[in-house]
Amino acid sequence: MAMSKQSVYEPLTESGAVALAVRLGLFPEGTPLTCREIGDGNLNLVFHVVDQRTGKGIIIKQALPYAKVVGESWPLTLKRAVIESNALRTFASYVPEYVPNVYYSDELLAITVMEDLSHLQIARKGLIEGKTYPLLSEHIGEFIAKTLFYTSDFGMNQQQKKQLAQQFVNPELCKITEDLVFTDPFFDHETNNFEAELRHDVEALWNDEALHLEVAKLKRKFLTEGDALIHGDLHTGSIFASDTETKVIDPEFAFYGPFGFDIGQFFANLLLNALSRPEQEQEPLLQHVEKTWDVFTTVFSDLWEQHNVEPYAKTKGWLQELLHVIFIDAVGFAGCEVIRRTIGLAHVADLDGIADKQTRIEAKRRALQLGRALILQRHSLRRVQDIRLLFTQTLATTY
Ligand code: SR1
Ligand code: MG
């Protein structure tokens, strides 16, 4: 579908989004269309264009030249829209069942036109409502295993991998993560955001030299290890789900990064939701953490056996050692994400939405304690079930 060569960037309005959908021929001439801007994320505009007669719709996502969560004072590259549409297409070549179809993209307008997933719900919202999504971890474990393996030096031609990595150089979005996940929450930085009641706990993190050393090591991994094409922002707000279906969206943070990062972010957001629930409703989240890891290792190991292009693939102990490193890193990354979503910029509704103040502050204290334990104790964890032990220990603390 071709657009005029003269297209210049300007933010779409609802009527502009309808006009674009018509111009692209995505609906037959004369279709009665309605449109709503439904973006509730931190960065972009999202338009839902619907055919009133059939109820069928499309999504038009447009990057803004700044971070919506902060405002125009935080300029942000429009190139992230190309990264996003290319990442969706790359992921679709390995796991089409877990990503939306991309119908059209335009680099100048910074838009991606894609499949309407409104029959599904953002997983974070559903989890906050108490849903459990029984297949979520199976699907995400498979999504992560396949996308990581096939885009890595084990699953694709190693020369082509380097070329693919060039397409996903994403410095500005990486810098957001380097700052917001790996740096600012651990220092007295203006981007931080927390209730006064947490100041004592937060200052303890700022003065924790042992913690800083471990976060520094994890940050170095994020800065330097280009293992595979990672999603880069795989929290539960980047996932649409139902009881039977799962779709991963929003890979605008995608780049060649460390194997453990997506797993860690997913773990963290499951654990944050668990912390927001009464104790008797936490079990499905802990099971999701464990199942994600089990499915990831099973699928990754099968692919390793069957499709590995690296001559050392059959070397005794190599796969086991790599999986161990991925696990330890994922646990550490999870710890950073848990802390960041509690006291940094861009919180999660799971914790912020707890209405009772004392319960909320207690849940946040537990989150800080859990995040710290995940980072500091990661090397002593042997099995994924050990995450449950750390989680239970944080619940046992009285505040
Ligand atoms: C300024 S962007 C804040 C956060 O929103 C995105 O979803 C990422 O998680 C980012 O860190
Ligand atoms: Mg996002």
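Side chains are part of it too, since the values below use all heavy atoms of this structure and drop only hydrogens, waters and symmetry mates. When a ligand or atom number is given, it counts from 1 through the structure's own listing order.
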Engineer: Between Leu395 and Leu285, is there a shared hydrophobic cluster once you connect ILVMFWY residues whose side-chain heavy atoms come closer than 4.5 Å?
Structural biologist: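 Same cluster: Leu395 reaches Leu285 through Ile, Leu, Val, Met, Phe, Trp or Tyr contacts under 4.5 Å.
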Engineer: Say whether Leu173 and Tyr9 are linked into one hydrophobic cluster, either directly or through other cluster members, by side-chain heavy-atom distances under 4.5 angstrom.
Structural biologist: no
Engineer: Which class fits the ring pair His139 and Tyr98: parallel under 30°, tilted 30 to 60°, perpendicular over 60°?
Structural biologist: tilted
Engineer: Are any of the heavy atoms in Thr177 under 4.0 Å away from ligand 1?
Structural biologist: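 No; Thr177 lies far enough from ligand 1 that no heavy-atom distance drops under 4.0 Å.
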Engineer: Starting from atom 2 (S) of ligand 1, what is the nearest protein heavy atom, named by residue and atom, and what distance separates them?
Structural biologist: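 Ranked first by proximity to atom 2 (S) of ligand 1 is Leu43 CD2, 3.6 Å.
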Engineer: Below 4.0 angstrom from a heavy atom of Phe253, which ligand 1 atoms are there? Numbered from 1 as shown, please.
Structural biologist: 6 (C), 8 (C), 10 (C)
Engineer: Out of the candidates Asp106, Leu20, Leu45, only one should pair with Gln62 under the side chain to side chain contact (heavy atoms under 4.5 Å, CB included) rule; please name it.
Structural biologist: Leu45
Engineer: Any idea which part of Val69 is under 4.0 Å from ligand 1, heavy-atom wise: side chain, backbone, both or neither?
Structural biologist: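 Contact part for Val69 vs ligand 1: side chain (C-beta onward).
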Engineer: Counting non-hydrogen protein atoms only, what is the nearest one to atom 6 (C) of ligand 1? Give residue, atom name and distance.
Structural biologist: Asp233 OD2, 3.3 Å
Engineer: What are the atoms of ligand 1, with element, lying closer than 4.0 Å to any heavy atom of His235?
Structural biologist: 7 (O)
Engineer: Give the contacting part of Ile176 toward ligand 1: side chain, backbone, both or neither, where contact means a heavy-atom distance below 4.0 Å.
Structural biologist: side chain
Engineer: Counting heavy atoms only, which of His347, Gln265, Arg340 is nearest atom 10 (C) of ligand 1?
Structural biologist: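 Ranked by closest heavy atom to atom 10 (C) of ligand 1, first place is Arg340.
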Engineer: Describe, in one word, how the ring planes of Phe182 and Phe222 are oriented to each other, choosing from parallel (under 30°), tilted (30 to 60°) and perpendicular (over 60°).
Structural biologist: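 Ring orientation, 0 to 90° scale: tilted.
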Engineer: Could you tell me whether Arg36 and Glu14 have a side-chain N and a carboxylate O separated by less than 4.0 Å?
Structural biologist: no
Engineer: Does any N or O atom in Arg341 lie less than 3.5 angstrom from one in ligand 1, N or O only?
Structural biologist: yes
Engineer: In the protein, which heavy atom is nearest to atom 5 (O) of ligand 1, and how far is it?
Structural biologist: Asn42 ND2, 2.7 Å
Engineer: Testing Phe327, Trp293, Phe333 for side chain to side chain contact (heavy atoms under 4.5 Å, CB included) with Ile263, which one passes?
Structural biologist: Trp293
Engineer: Decide if the gap between the ring center of Phe154 and the ring center of Phe149 is smaller than 6.0 angstrom.
Structural biologist: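 No, too far apart.
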Engineer: Is Val181 touching ligand 1 with its side chain, its backbone, both, or neither, if touching means heavy atoms under 4.0 Å apart?
Structural biologist: neither
